[in-house]
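Here is the structure we will look at, set down as C-alpha coordinates.
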Amino acid sequence: MKIAFLSVPVLCLAFLAILFLQSGLDKVFNYKGNKEWFESHFANSPLKGLVGLMTLLITLLEVSAGGLCAAGIFFLIYDGSANIGLIGAQLSTLSILALFFGQRMAQDYVGAATLTTYFIISAMTVYLLWEMVTPI
(Lines give C-alpha, C1' and ligand atoms only; values in the text may rest on other atoms or scores of the structure.)
Protein backbone atom coordinates (compact mmCIF):
# COMPACT_ATOMS: atom_id res chain seq x y z
CA MET A 1 0.00 0.00 0.00
CA LYS A 2 1.39 3.41 -0.90
CA ILE A 3 2.43 5.65 1.98
CA ALA A 4 0.61 8.65 0.48
CA PHE A 5 -2.63 6.64 0.56
CA LEU A 6 -2.11 5.83 4.24
CA SER A 7 -0.95 9.25 5.37
CA VAL A 8 -4.39 10.87 5.78
CA PRO A 9 -5.96 7.99 7.76
CA VAL A 10 -2.81 7.69 9.88
CA LEU A 11 -2.82 11.42 10.63
CA CYS A 12 -6.53 11.36 11.45
CA LEU A 13 -6.04 8.38 13.79
CA ALA A 14 -3.08 10.15 15.42
CA PHE A 15 -5.24 13.24 16.00
CA LEU A 16 -8.00 11.14 17.60
CA ALA A 17 -5.52 9.08 19.64
CA ILE A 18 -3.95 12.23 21.09
CA LEU A 19 -7.33 13.85 21.74
CA PHE A 20 -8.93 10.92 23.51
CA LEU A 21 -5.91 9.47 25.31
CA GLN A 22 -5.12 12.87 26.83
CA SER A 23 -8.73 13.57 27.77
CA GLY A 24 -9.47 10.05 29.00
CA LEU A 25 -6.25 9.65 30.97
CA ASP A 26 -6.79 13.07 32.54
CA LYS A 27 -10.13 11.75 33.79
CA VAL A 28 -8.44 8.58 35.11
CA PHE A 29 -5.67 10.40 36.98
CA ASN A 30 -7.85 13.32 38.11
CA TYR A 31 -11.16 11.50 38.46
CA LYS A 32 -12.26 13.44 41.54
CA GLY A 33 -11.55 16.84 39.98
CA ASN A 34 -13.30 15.94 36.75
CA LYS A 35 -16.30 14.52 38.59
CA GLU A 36 -16.56 17.72 40.66
CA TRP A 37 -16.43 19.81 37.48
CA PHE A 38 -19.15 17.65 35.88
CA GLU A 39 -21.28 17.97 39.03
CA SER A 40 -21.15 21.77 38.85
CA HIS A 41 -21.59 21.78 35.06
CA PHE A 42 -24.71 19.59 35.21
CA ALA A 43 -26.12 20.99 38.48
CA ASN A 44 -29.14 22.55 36.76
CA SER A 45 -29.69 19.91 34.08
CA PRO A 46 -31.86 16.79 33.97
CA LEU A 47 -28.62 14.76 34.08
CA LYS A 48 -27.50 15.98 37.52
CA GLY A 49 -28.27 12.66 39.22
CA LEU A 50 -26.26 10.70 36.63
CA VAL A 51 -22.92 12.51 36.91
CA GLY A 52 -21.04 9.59 38.51
CA LEU A 53 -22.20 7.14 35.86
CA MET A 54 -21.62 9.65 33.04
CA THR A 55 -18.09 10.38 34.25
CA LEU A 56 -17.26 6.68 34.34
CA LEU A 57 -18.79 5.99 30.91
CA ILE A 58 -17.16 8.93 29.14
CA THR A 59 -13.81 8.00 30.71
CA LEU A 60 -14.11 4.41 29.44
CA LEU A 61 -15.22 5.60 25.99
CA GLU A 62 -12.39 8.11 25.66
CA VAL A 63 -9.61 5.79 26.85
CA SER A 64 -10.91 2.96 24.64
CA ALA A 65 -11.26 5.25 21.61
CA GLY A 66 -7.79 6.72 22.06
CA GLY A 67 -6.14 3.37 22.65
CA LEU A 68 -7.79 1.74 19.64
CA CYS A 69 -6.90 4.71 17.42
CA ALA A 70 -3.26 4.44 18.55
CA ALA A 71 -3.26 0.68 17.95
CA GLY A 72 -4.98 1.30 14.62
CA ILE A 73 -2.01 3.36 13.44
CA PHE A 74 0.30 0.41 14.11
CA PHE A 75 -1.92 -2.10 12.30
CA LEU A 76 -2.54 0.24 9.37
CA ILE A 77 1.18 0.77 8.83
CA TYR A 78 2.31 -2.76 9.72
CA ASP A 79 -0.11 -4.87 7.71
CA GLY A 80 -2.53 -2.47 6.03
CA SER A 81 -5.42 -3.55 8.26
CA ALA A 82 -7.88 -0.75 9.02
CA ASN A 83 -10.25 -2.73 11.28
CA ILE A 84 -8.84 -1.68 14.68
CA GLY A 85 -8.54 1.94 13.60
CA LEU A 86 -12.11 1.86 12.32
CA ILE A 87 -13.40 0.67 15.69
CA GLY A 88 -11.34 3.39 17.39
CA ALA A 89 -12.74 6.04 15.05
CA GLN A 90 -16.28 4.78 15.62
CA LEU A 91 -15.80 4.95 19.41
CA SER A 92 -14.32 8.44 18.95
CA THR A 93 -17.45 9.53 17.09
CA LEU A 94 -19.64 7.99 19.78
CA SER A 95 -17.62 9.82 22.45
CA ILE A 96 -18.10 13.15 20.68
CA LEU A 97 -21.84 12.49 20.39
CA ALA A 98 -22.03 11.69 24.11
CA LEU A 99 -20.14 14.87 24.96
CA PHE A 100 -22.31 16.88 22.56
CA PHE A 101 -25.47 15.48 24.17
CA GLY A 102 -24.18 16.40 27.61
CA GLN A 103 -23.27 19.93 26.57
CA ARG A 104 -26.70 20.46 25.03
CA MET A 105 -28.45 19.08 28.12
CA ALA A 106 -26.38 21.43 30.30
CA GLN A 107 -27.38 24.26 27.93
CA ASP A 108 -23.72 24.96 27.21
CA TYR A 109 -24.31 25.79 23.56
CA VAL A 110 -20.85 27.28 22.99
CA GLY A 111 -19.24 24.13 24.40
CA ALA A 112 -21.47 22.00 22.19
CA ALA A 113 -20.56 24.04 19.12
CA THR A 114 -16.83 23.56 19.74
CA LEU A 115 -17.33 19.81 19.44
CA THR A 116 -18.49 20.14 15.83
CA THR A 117 -14.95 20.21 14.44
CA TYR A 118 -14.02 17.09 16.39
CA PHE A 119 -17.15 15.36 15.14
CA ILE A 120 -16.32 16.18 11.51
CA ILE A 121 -12.77 14.83 11.90
CA SER A 122 -13.93 11.64 13.62
CA ALA A 123 -16.75 11.04 11.11
CA MET A 124 -14.32 11.65 8.23
CA THR A 125 -11.93 9.14 9.76
CA VAL A 126 -14.72 6.55 10.02
CA TYR A 127 -15.52 7.14 6.35
CA LEU A 128 -11.89 6.85 5.21
CA LEU A 129 -11.30 3.67 7.16
CA TRP A 130 -14.66 2.18 6.19
CA GLU A 131 -13.69 2.62 2.55
CA MET A 132 -10.46 0.73 3.25
CA VAL A 133 -12.25 -2.14 5.04
CA THR A 134 -15.22 -2.55 2.74
CA PRO A 135 -14.57 -4.34 -0.56
CA ILE A 136 -15.70 -2.62 -3.74
Side-chain angles (χ1 to χ4, degrees):
M1 199 166 287
K2 293 183 179 183
I3 192 68
F5 179 69
L6 290 178
S7 62
V8 173
V10 166
L11 291 171
C12 288
L13 285 171
F15 178 87
L16 295 173
I18 292 166
L19 173 67
F20 287 110
L21 283 174
Q22 184 281 323
S23 182
L25 291 176
D26 177 63
K27 289 175 182 67
V28 168
F29 294 116
N30 186 18
Y31 187 82
K32 183 180 177 194
N34 278 281
K35 187 174 178 237
E36 289 171 358
W37 186 87
F38 284 135
E39 286 170 347
S40 67
H41 192 66
F42 292 105
N44 298 320
S45 85
L47 302 174
K48 66 182 172 190
L50 300 171
V51 169
L53 178 62
M54 288 187 324
T55 306
L56 177 64
L57 289 176
I58 198 64
T59 301
L60 290 172
L61 265 174
E62 288 182 347
V63 171
S64 299
L68 286 167
C69 285
I73 294 168
F74 171 79
F75 285 105
L76 198 56
I77 292 170
Y78 179 71
D79 68 3
S81 172
N83 293 323
I84 300 297
L86 176 61
I87 295 168
Q90 289 169 328
L91 285 177
S92 297
T93 306
L94 184 60
S95 297
I96 295 295
L97 287 173
L99 292 165
F100 182 78
F101 174 76
Q103 295 290 60
R104 296 293 298 189
M105 292 301 289
Q107 296 182 343
D108 181 359
Y109 301 117
V110 173
T114 62
L115 294 170
T116 304
T117 304
Y118 296 135
F119 179 79
I120 292 168
I121 293 168
S122 63
M124 179 185 73
T125 307
V126 168
Y127 175 76
L128 289 171
L129 295 173
W130 183 264
E131 288 296 312
M132 295 175 75
V133 170
T134 312
I136 297 175

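Everything quoted here is computed from the prediction, not taken from an experiment.
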Pairs touching residues 67-81 that satisfy salt bridge (charged side-chain N to carboxylate O under 4.0 Å, His left out), sequence neighbours left out: none
Ser45 side chain reached by Gln107 side chain, heavy atoms, under 4.5 Å: no
Candidate list Val133, Thr134, Leu128, Leu76, test side chain to side chain contact (heavy atoms under 4.5 Å, CB included), partner Leu86, passing option: Val133
Closest contact, heavy atoms only, Gly85 versus Leu13: O-CD2, 3.6 Å
Closest heavy-atom pair and its distance - Cys69, Leu16: SG-CB, 3.7 Å
Euclidean distance, Ile73 CD1 relative to Ile84 CD1, rounded to 0.5 Å: 13.0 Å
Salt bridge (charged side-chain N to carboxylate O under 4.0 Å, His left out): pairs with one or both residues in residues 47-72, sequence neighbours excluded: Lys27-Glu62
Co-membership, hydrophobic cluster, residues Ile87 and Leu61, 4.5 Å side-chain: yes
Partners passing side-chain contact (heavy atoms from CB on, under 4.5 Å) against Leu50 (at least two apart in sequence or in another chain): Leu47, Met54
Joint hydrophobic cluster, Phe119 plus Met124, side-chain heavy atoms closer than 4.5 Å: no
Between OG1 on residue Thr59 and NZ on residue Lys35, distance to nearest 0.5 Å: 11.5 Å
ILVMFWY cluster membership beyond Leu53 - transitive side-chain contacts under 4.5 angstrom: Leu57
Joint cluster assignment, Ile77 & Met132, ILVMFWY side-chain distance < 4.5 Å: yes
Distance, nearest 0.5 Å, that separates CG of Leu94 from CG of Leu99: 9.5 Å
Asn30 backbone acceptor or donor facing Asn34 side chain under 3.5 Å: yes
Close side-chain approach of Leu56 and Tyr31, heavy atoms under 4.5 Å: yes
Minimum heavy-atom distance Gln103-Gly111, with the two atoms named: NE2-CA, 3.6 Å
Pairwise ring pair (Phe, Tyr, Trp, His ring centres under 6.0 Å) hits with a residue in residues 57-107, at least two apart: Phe74-Tyr78
Heavy-atom closest pair, residues Ala123 and Thr93: N-OG1, 3.8 Å
Contacts of Phe29 that satisfy side-chain contact (heavy atoms from CB on, under 4.5 Å) - sequence neighbours left out: Leu25
Heavy-atom closest contact (Leu129 atom, Ala89 atom, distance): CD1-CB, 4.3 Å
Flag if over 12 foreign heavy atoms under 6.0 Å of CZ, Phe42: yes
Spacing of Ser122 atom OG and Leu115 atom CG [to the nearest 0.5 Å]: 10.0 Å
Candidate pair Ile96 and Phe20, rule side chain to side chain contact (heavy atoms under 4.5 Å, CB included), full reasoning: CA-CA 10 Å; Ile96 295 295; Phe20 287 110; 3.6 Å; yes
Euclidean distance, Ser64 OG relative to Leu21 CG, rounded to 0.5 Å: 10.0 Å
Co-membership, hydrophobic cluster, residues Trp130 and Leu68, 4.5 Å side-chain: no
ILVMFWY network linking Val126 to Leu19, side-chain heavy atoms under 4.5 angstrom: no
Minimum-distance pair of heavy atoms, taken over all atoms of Thr125 and Cys12: OG1-CB, 3.1 Å
